[in-house]
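Start at 1 with the first residue, then count along the sequence. These numbers come from a predicted model, not from an experiment.
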Amino acid sequence: MNLSSRTIAILIALLVAGVLTTYARIGPTLPFREAFLAAGITVAACFLLIYLSFEALIFKEINGIYAGLEHIKRKEFKKLSNKFLFRPEPVKRVRDEILQMAERRQQELDELVRLQALRREFLADVSHELKTPLFAAQGFVHTILDDEDDEIDLATRRKFLAKAAASLDTLDALVQDLVTIAQLEKGVVRMRRQRFDLIVLVREIFELLEQQAARRGTHLELFPPSLPETGLLVVADRNRIRQVLINLIDNAIKYGRDKGRVVVSLVESGRSVRIAVRDDGAGIAPEHQGRIFERFYRIDKSRSRESGGSGLGLAISKHIVEAHKSTIKVKSTVGEGTTLEFKLNKPKSGAVGSAA
């Protein structure tokens, strides 16, 4: 039974008054009218006595505890007004507050544990990613330096130096990606929004990745075939969206099947344009779909490293898309392929390009 302090005080007062009134009524000296009046006075006096006793002995201390909880919850270490202190059900309020605070602290602890695990995983991944090209470059350079007897001919030297340079270029690209994602996460990178034709941009990227697609026999396709001749204008940072589309199409070529298709669809939807990049590869299992945008997360680590890339492309793409007030989504079925899509706003009527 969950009774409040007021209910308990009233029940005790009624009980005491009932006992006293019954005794007085049974007695020969007190008529009914006076007995009823005595009962009312007794109820009021007992209620006030018991309730004030609770207030003085228990509620005052509990309200002090509750005031401390309010301070902690509000992070305002100053004296609270009395309107926060004198409310009904103080014991229940304190219990609820303690339970809520305990639940919030547990959630914070769980999040800290998760972030700590991600930090350890990130440090391990980034150290491995940095070591691979660095050690390769060191190996080629030291091989040449250690050749005191000129046993290595000029052509081999140039070949080793070219490989060292390629490894250092990979290392430089990785560092640049790390700097970019750090800036995006801090919000210090400004999106320079302007009007541009999305169709022209996609065709430009197709030309850039044409040779890479040809090596795997992949056909790059723009959908739908009947796109507006006047173009498809959006308002966004052209260079950053170009970076996103290069990442998505490059991944689709790498992880799609040989002699397959990569389809980029541009569909108008109200005041926005939906951009989707679809491949016909092996697809992504459900347990991996929520993590592919994490830094250095690779579903097939060996194949991913063989295919090149820093492992930061999708993480950077996610931050760029979110900076445009959109969300990048993944739809994938194992054995059927993967689709990554996001939306960009169309320009308002009469709007002009501007930096934002």
Side-chain angles (χ1 to χ4, degrees), residues 129 132-133 136-137 159 162-178 180-181 196-225 227 232 236-266 275-284 288 292-293 295-321 328 330-332 335-342:
E129 297 291 342
T132 302
K159 181 179 178 182
K163 289 184 177 181
S167 296
L168 292 174
D169 288 341
T170 301
L171 183 62
D172 178 66
L174 176 59
V175 172
Q176 291 299 325
D177 282 349
L178 285 170
T180 299
I181 198 168
F196 64 90
D197 187 349
L198 202 53
I199 299 173
V200 172
L201 177 61
V202 172
R203 286 174 175 161
E204 176 186 316
I205 296 170
F206 279 1
E207 290 180 8
L208 178 68
L209 300 176
E210 184 178 9
Q211 291 185 355
Q212 180 181 336
R215 283 194 293 269
R216 297 204 63 198
T218 302
H219 175 65
L220 302 178
E221 180 180 333
L222 188 57
F223 180 87
L227 287 166
L232 195 56
D237 187 321
R238 191 181 192 276
N239 289 333
R240 294 295 179 182
I241 296 303
R242 181 177 185 273
Q243 185 178 4
V244 170
L245 288 173
I246 288 175
N247 283 332
L248 299 186
I249 297 171
D250 178 68
N251 277 348
I253 294 171
K254 287 177 182 175
Y255 303 116
R257 60 186 175 88
D258 291 338
K259 299 181 180 180
R261 294 167 62 234
V262 171
V263 180
V264 178
S265 63
L266 307 176
I275 302 104
V277 178
R278 184 174 75 251
D279 65 58
D280 52 6
I284 303 171
H288 295 295
I292 62 172
F293 298 106
R295 292 171 293 185
F296 297 115
Y297 186 78
R298 303 176 189 267
I299 299 172
D300 185 346
K301 296 184 182 294
S302 59
R303 183 186 172 191
S304 297
R305 291 195 172 96
E306 288 171 1
S307 300
S310 64
L312 295 171
L314 287 180
I316 291 173
S317 299
K318 173 178 177 289
H319 284 290
I320 292 174
V321 170
I328 187 166
V330 56
K331 299 178 181 177
S332 185
E336 296 183 9
T338 301
T339 300
L340 293 168
E341 65 179 37
F342 61 96

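Every residue two or more places apart in sequence or in another chain that forms a side-chain contact (heavy atoms from CB on, under 4.5 Å) with Lys159 is listed here: Lys163. Among residues two or more places apart in sequence or in another chain, the salt bridge (charged side-chain N to carboxylate O under 4.0 Å, His left out) test is passed with Lys331 by Glu341. Residues satisfying the side chain to side chain donor-acceptor pair (under 3.5 Å) criterion with Ser317, sequence neighbours excluded, are Asn247. With sequence neighbours left out, Asp172 forms a side-chain contact (heavy atoms from CB on, under 4.5 Å) with Gln176.
Taking CG of Leu227 as the start and CD1 of Ile199 as the end, the distance is 4.5 Å to the nearest 0.5 Å. Atom CD1 in Ile292 sits 5.5 Å away from atom CG in Leu340 (nearest 0.5 Å).
Side-chain contact check for Phe206 versus Leu245: every heavy-atom pair is 4.5 Å or farther apart. Side-chain contact check for Leu248 versus Ile328: some heavy-atom pair is nearer than 4.5 Å.
Here the shortest heavy-atom pairing between Leu232 and Leu266 reads CD2-CB, 3.7 Å. Of all the heavy atoms in Ile246 and Leu209, the pair that sits closest is O-CD1, 4.3 Å. Contact between Phe342 and Val321 at its shortest, heavy atoms only, is CB-CG1, 3.8 Å. Of all the heavy atoms in Ala137 and Ala164, the pair that sits closest is CB-O, 3.8 Å.
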Listed pairs under 3.5 Å, donor-acceptor, residues 277-284 side chains, sequence neighbours left out:
unit_1 : atom_1 : unit_2 : atom_2 : d
Asp279 : OD1    : Gly281 : N      : 2.9
Asp279 : OD1    : Thr338 : N      : 3.2
Asp280 : OD2    : Arg257 : NE     : 3.3
Asp280 : OD2    : Arg257 : NH2    : 3.3
Asp280 : OD2    : Arg261 : N      : 3.0

Can you list, pair by pair, the side-chain donor-acceptor contacts under 3.5 Å of residues 237-244, counting residues two or more places apart and other chains?
unit_1 : atom_1 : unit_2 : atom_2 : d
Asp237 : OD1    : Asn239 : N      : 3.2
Asp237 : OD1    : Arg240 : N      : 3.2
Asp237 : OD2    : Arg192 : N      : 2.8
Arg238 : NH2    : Glu204 : OE1    : 3.1
Arg240 : NH1    : Gln243 : OE1    : 3.2
Arg242 : NE     : Glu204 : OE2    : 3.0

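None of Val202, Ile205, Leu220, Leu198 except one satisfies the side chain to side chain contact (heavy atoms under 4.5 Å, CB included) rule with Val264; the exception is Val202.
Judged purely by atom type and a 3.5 angstrom limit, Arg216 uses its side chain to pair as donor or acceptor with the backbone of Gly256.
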